[in-house]
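Have a look at the structure below before the remarks.
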Amino acid sequence: MNQRQRRLILSVLCVVLAVFCTVAVMFRFERRYDYPLTPNETELVGGWRQFTPDGNTELSAMTFHADRQFSTDTGQFKGFWWIEDGQLNLRTWQDDASPLPLADSFREVTTDTIQFDLQVSDDRNSILIALPRAQPDALLRRKE
């Protein structure tokens, strides 16, 4: 094998290694949503009505699905959810359809993750949610 062939092989190996490392890093930092629900998460699955913290005024409704997706009744917000360290995490995006093919595959690049502290009632049918170290933002009551 001459020196030119060795350089070509070395160049190809470097490119393959760079692609492999890039993919490995992407998978390392990607949030996975296909792992099993915890018992606390299972209790959240279903429809919930959102009220002001005092419980007097209904604001909207949202649904948490077992596949970790959620959506609001208006369809304005959709995304993924999980509970970690006692906090409800919502990774959201606004549901604006894109004219570009495969654009939905890249939605998470421009999303926000919001964390809420949870106070679950004894009967498990209502939950106060609040931004960390803040007053409650809303009361969620299970839809009947």
Side-chain angles (χ1 to χ4, degrees), residues 5-144:
Q5 289 173 327
R6 278 189 232 152
R7 281 188 203 162
L8 178 63
I9 290 172
L10 185 59
S11 297
V12 169
L13 287 175
C14 286
V15 169
V16 168
L17 182 62
V19 169
F20 176 78
C21 289
T22 302
V23 170
V25 167
M26 287 174 50
F27 277 111
R28 167 67 179 97
F29 293 108
E30 177 185 342
R31 176 77 187 166
R32 298 288 305 195
Y33 303 103
D34 57 354
Y35 53 91
L37 296 174
T38 65
N40 288 342
E41 291 171 328
T42 301
E43 289 183 9
L44 195 60
V45 171
W48 295 83
R49 296 178 302 163
Q50 184 177 354
F51 293 84
T52 54
D54 61 14
N56 292 332
T57 307
E58 187 168 352
L59 303 172
S60 65
M62 59 192 327
T63 303
F64 295 95
H65 302 278
D67 64 358
R68 298 188 181 278
Q69 293 188 47
F70 80 93
S71 61
T72 57
D73 59 341
T74 62
Q76 181 181 8
F77 292 101
K78 293 182 178 185
F80 292 96
W81 67 276
W82 68 96
I83 295 176
E84 186 172 45
D85 298 327
Q87 292 185 320
L88 173 63
N89 295 268
L90 302 178
R91 181 164 289 172
T92 64
W93 62 77
Q94 287 190 328
D95 193 26
D96 297 325
S98 173
L100 302 174
L102 304 176
D104 289 346
S105 303
F106 300 102
R107 275 186 164 159
E108 288 191 60
V109 173
T110 60
T111 62
D112 291 319
T113 301
I114 305 166
Q115 293 180 325
F116 293 100
D117 288 334
L118 301 174
Q119 292 179 335
V120 180
S121 67
D122 291 337
D123 67 1
R124 306 295 217 202
N125 287 321
S126 61
I127 301 171
L128 274 173
I129 61 172
L131 293 173
R133 297 171 297 284
Q135 295 297 317
D137 291 315
L139 172 69
L140 299 179
R141 289 189 183 145
R142 189 173 297 281
K143 285 184 178 180
E144 298 170 2

Inter-residue atom distance Thr92.OG1 - Phe80.CZ, 0.5 Å rounding: 12.0 Å
Ile83 backbone acceptor or donor facing Glu41 side chain under 3.5 Å: yes
From CZ (Phe64) to CG (Leu37), nearest 0.5 Å: 12.0 Å
Asp85 versus Gln87, side-chain donor and acceptor atoms under 3.5 Å: no
Between CE on residue Met62 and NZ on residue Lys143, distance to nearest 0.5 Å: 10.5 Å
Chi angles and distances behind the side-chain contact (heavy atoms from CB on, under 4.5 Å) call for Ile129, Leu118: CA-CA 5 Å; Ile129 61 172; Leu118 301 174; 3.6 Å; yes
Short side-chain to backbone donor-acceptor contact, Asp137 and Leu131, under 3.5 Å: yes
Side-chain donor-acceptor pair present, Asn40, Thr38, cut-off under 3.5 Å: no
Arg142 side chain vs Arg49 backbone, donor-acceptor pair below 3.5 Å: no
Stepwise side-chain contact (heavy atoms from CB on, under 4.5 Å) check, Ile127 with Leu88: CA-CA 11 Å; Ile127 301 171; Leu88 173 63; over 6 Å; no
Side-chain (Thr72) to main-chain (Phe77) donor-acceptor, under 3.5 angstrom: yes
CG-OG1 distance between Leu139 and Thr52, expressed to the nearest 0.5 angstrom: 8.0 Å
Inter-residue atom distance Trp48.CH2 - Asp73.CG, 0.5 Å rounding: 15.5 Å
Nearest-0.5 Å distance that lies between atom CD in Gln115 and atom CZ in Arg91: 10.5 Å
Expected output: side-chain Trp81 to main-chain His65 donor-acceptor under 3.5 Å: yes
Minimum heavy-atom distance Pro53-Pro136, with the two atoms named: CG-O, 3.2 Å
Between Arg141 and Ser126: side-chain donor-acceptor atoms closer than 3.5 Å: no
Gln5, CD: over 12 other non-hydrogen atoms inside 6.0 angstrom: yes
Glu58: salt bridge (charged side-chain N to carboxylate O under 4.0 Å, His left out) partners, not counting sequence neighbours: none
